[in-house]
**Q** 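Before I ask anything, let me first share the structure, which is written out below as structure tokens.
The residues of the chain are indexed from 1 along the displayed sequence. All of these numbers come straight from a predicted model, not from anything done at the bench.
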Amino acid sequence: MGLISAEMFPTKLSFIIFISYMGLFINQGILVTTSKSKDNSYSYSTVTVVLLTECLKLVAAVILYMKDHTVSEFTAEFIKHRKVLMLYFIPAGLYCLYNNLQFTNLANYDPTTYFLLLQLRVVVTGVVFQFLFKKHLSRVQWASVFLLTLGCIIKEISHVTKATTAAAAAQAGSAEAAGAGAGEVSWLAFFNIHLVFILLQVFSSCFAGVYNEYLLKDAGCDVHIMMANVYMYVQSILCNLIALTCKGELFSAFTVAGLSALAQPSVLAIIANNAAIGIVTSLFLRTLNSILKTFASALELMFTAILCWMIFGIPVDLYTFLALLIVIAATFLYAQNPVVNKARNEVVAEAKQTDSKV
């Protein structure tokens, strides 16, 4: 048996999608970190950035659909599957929460730590995946899932230790206090508001990703992939408008001052990169599956750690190194026995083909 099962990437296109997905997410973490101010805040409205990203995604999806269809065909299919449109409000709302929490969490964590902690979603994804698709993960698959979780725990120990040490040093104003604080890490320190936000992002990502895959492969499997994206982005725009209204920024976000704050190269790059992520993610879920998506995110860690060290000078300490080794080992273990989850119409087509041969 090779390092990677042949079932993991059934086509060359699926492998290209896998690599593109990783590259875009690595780039997103670095771009958001670059756009931060010295006090770890943002000089622009992050909700507006997410809203404009969804608008750009919608335009891209419509253009890609219209490349092979007419306006009348677009209108007819949009109306025909309007029930599916309503179903997309659930993942759209969850993705809206996820995308906005991304800015909050990257303001408090460096990209390597951020991506490591997000791997907690693998366990949640595994449970939700089994429930929706009625596909039970094997012992080897669950072993790889829990290895990933162990890597996340090790990295969080590193983050909490550093935070406790820094707090002790600041409070006492001496190097001696910093040394004492390093050995007095309370377990209560793990349950801070920043970890709560990470967990909230983890759960929103898991449920949105698996439910989106369910729509693409079951309830909405007959809908063109780009029309499905149109449904998603229309609902996402609505959710972000609601978010802006709740924050009281609906009108101020579109003033001259608000829009000029977005006219920074780094912010425009974030919008463009995040829009590309949306399109590639839909292709990923249609071609591959949610479980493999979480492992793609795990592989991002190694490259993120190296790039953050080169760009931002963020060191790779022993905890991070051990966590990376465990996550990579878990990924290769999973690659030996990946989950295969085909769309309902593909399964039906394969069954008909088999019957015709018999």
**Q** What's the shortest heavy-atom distance between Gly29 and Pro111, and which atoms?
**A** O-CG, 4.0 Å
**Q** Would you please test Tyr231 and Leu215 for side-chain contact (heavy atoms from CB on, under 4.5 Å) and show each step?
**A** CA-CA 11 Å; Tyr231 289 162; Leu215 291 178; over 6 Å; no
**Q** Please say whether more than 12 non-hydrogen atoms of neighbouring residues, nucleotides or ligands are located less than 6.0 Å from OH in Tyr42.
**A** yes
**Q** How long is the span from the CD1 atom in Ile237 to the CG atom in Leu241, to the nearest 0.5 Å?
**A** 7.5 Å
**Q** If you link ILVMFWY side chains whenever their heavy atoms are less than 4.5 Å apart, which other residues fall into the same cluster as Ile63? By chain and number, please.
**A**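 Its cluster partners, ordered by chain and number, are Val59.
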**Q** Considering non-hydrogen atoms only, spot the tightest contact between Thr245 and Leu250 and give its length.
**A**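 Shortest heavy-atom separation between Thr245 and Leu250 comes out as OG1-CD2, 3.5 Å.
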**Q** Applying the 4.5 Å side-chain criterion to the ILVMFWY set and letting contacts propagate, would Trp309 and Ile26 be lumped into a single cluster?
**A**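 As far as the 4.5 Å side-chain criterion goes, Ile26 and Trp309 are connected within one cluster.
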**Q** Starting from Ile198, can I reach Phe203 by hopping between I/L/V/M/F/W/Y residues whose side chains sit under 4.5 Å apart?
**A** yes
**Q** If hydrophobic clusters are built from ILVMFWY residues whose side chains come within less than 4.5 Å, do Val47 and Phe254 share one?
**A** yes
**Q** Evaluate the side-chain contact (heavy atoms from CB on, under 4.5 Å) criterion for residues Met226 and Ile279: first the C-alpha distance (whole Å), next the side-chain angles of each, then the deciding distance (0.1 Å), finally the verdict.
**A** CA-CA 8 Å; Met226 288 304 149; Ile279 299 295; 4.1 Å; yes
**Q** Transitively linked via ILVMFWY side-chain contacts under 4.5 Å: Leu56 with Val280?
**A** yes
**Q** To the closest 0.5 Å, what do you measure between OG1 (Thr34) and CD1 (Ile311)?
**A**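 Between atom OG1 of Thr34 and atom CD1 of Ile311 there are 6.5 Å.
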**Q** Rounded to the nearest 0.5 Å, how far apart are CG of Leu147 and CG of Leu325?
**A**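 Answer for the CG-CG pair, Leu147 versus Leu325, is 11.5 Å.
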**Q** Are Ile19 and Phe284 linked, directly or through intermediate hydrophobic residues, by side-chain heavy-atom contacts shorter than 4.5 Å (ILVMFWY only)?
**A** yes
**Q** Shortest non-hydrogen contact from Cys96 to Asn240?
**A**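 It is SG-OD1, 3.4 Å.
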**Q** Who passes side chain to side chain contact (heavy atoms under 4.5 Å, CB included) against Ser252, sequence neighbours left out?
**A** Glu249
**Q** Side-chain donor-acceptor pairs under 3.5 Å in residues 77-88, sequence neighbours left out?
**A**
residue	atom	partner	partner atom	Å
Glu77	OE1	Tyr65	OH	2.5
Glu77	OE2	His224	N	2.9
Arg82	NH1	Ile79	O	2.7

**Q** Ignoring hydrogens and angles, tell me if any N or O in the side chain of Tyr233 forms a donor-acceptor pair with the backbone of Gly278 under 3.5 Å.
**A**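 Indeed, once roles are kept as given, a pair shorter than 3.5 Å links the two residues.
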**Q** Measure the OG1-CZ distance between Thr304 and Phe25 for me, rounded to the nearest 0.5 Å.
**A** 11.0 Å
**Q** For residues Phe89 and Gln235, determine if any side-chain heavy atom of one lies less than 4.5 Å from a side-chain heavy atom of the other.
**A** yes
**Q** Can you name the closest pair of heavy atoms from Gln102 and Asn274 and give their distance?
**A** NE2-ND2, 4.5 Å
**Q** Is any side-chain heavy atom of Phe74 closer than 4.5 Å to a side-chain heavy atom of Val62?
**A** yes
**Q** From Leu268 CG over to Asn273 CG, what is the distance, rounded to the nearest 0.5 angstrom?
**A**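 Between atom CG of Leu268 and atom CG of Asn273 there are 12.5 Å.
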**Q** Quick check: does any side chain N or O of Thr281 sit under 3.5 Å from a backbone N or O of Ile277, one acting as donor and the other as acceptor?
**A** yes
**Q** As an exercise, state the distance from SG of Cys239 to CD of Glu54, rounded to the nearest 0.5 Å.
**A**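 So the gap between those two atoms works out to 9.0 Å.
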**Q** Quick one: does Lys36's side chain have a donor or acceptor within less than 3.5 Å of a partner on Leu106's backbone?
**A**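 At least one qualifying donor-acceptor pair exists.
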**Q** side-chain contact (heavy atoms from CB on, under 4.5 Å) for Val32 and Tyr114? Distances and angles first, verdict last.
**A** CA-CA 12 Å; Val32 172; Tyr114 168 76; over 6 Å; no
**Q** Provide the closest heavy-atom pair for Ala61 versus Val230 in the form atom of the first, atom of the second, distance.
**A**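 Nearest pair, atom of Ala61 first, then Val230: CB-CG2, 4.0 Å.
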**Q** Between Asn99 and Tyr95, is there a donor-acceptor pair closer than 3.5 Å when you use the side chain of the first and the backbone of the second?
**A**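 Yes; judged by distance alone, with no hydrogens or angles, the pair exists.
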**Q** Begin with the C-alpha distance, continue with both residues' side-chain angles, and end with the deciding distance and a verdict on side-chain contact (heavy atoms from CB on, under 4.5 Å) for Lys57 and Ser236.
**A** CA-CA 10 Å; Lys57 288 179 186 178; Ser236 294; over 6 Å; no
**Q** Are Tyr44 and Ser35 linked by a side-chain donor-acceptor pair shorter than 3.5 Å?
**A** yes
**Q** Answer yes or no: are there more than 12 heavy-atom neighbours, outside Phe312 itself, under 6.0 Å from its atom CZ?
**A** yes
**Q** Would you indicate whether the side-chain heavy atoms of Tyr211 and Leu94 approach each other to under 4.5 Å?
**A** no
**Q** Between Leu244 and Ser45, what is the shortest heavy-atom contact and its length?
**A** CD2-OG, 4.2 Å
**Q** Return yes if a side-chain donor-acceptor contact under 3.5 Å exists between Gln201 and Asn105, otherwise no.
**A**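 Indeed, the side chains of Gln201 and Asn105 share at least one donor-acceptor pair under 3.5 Å.
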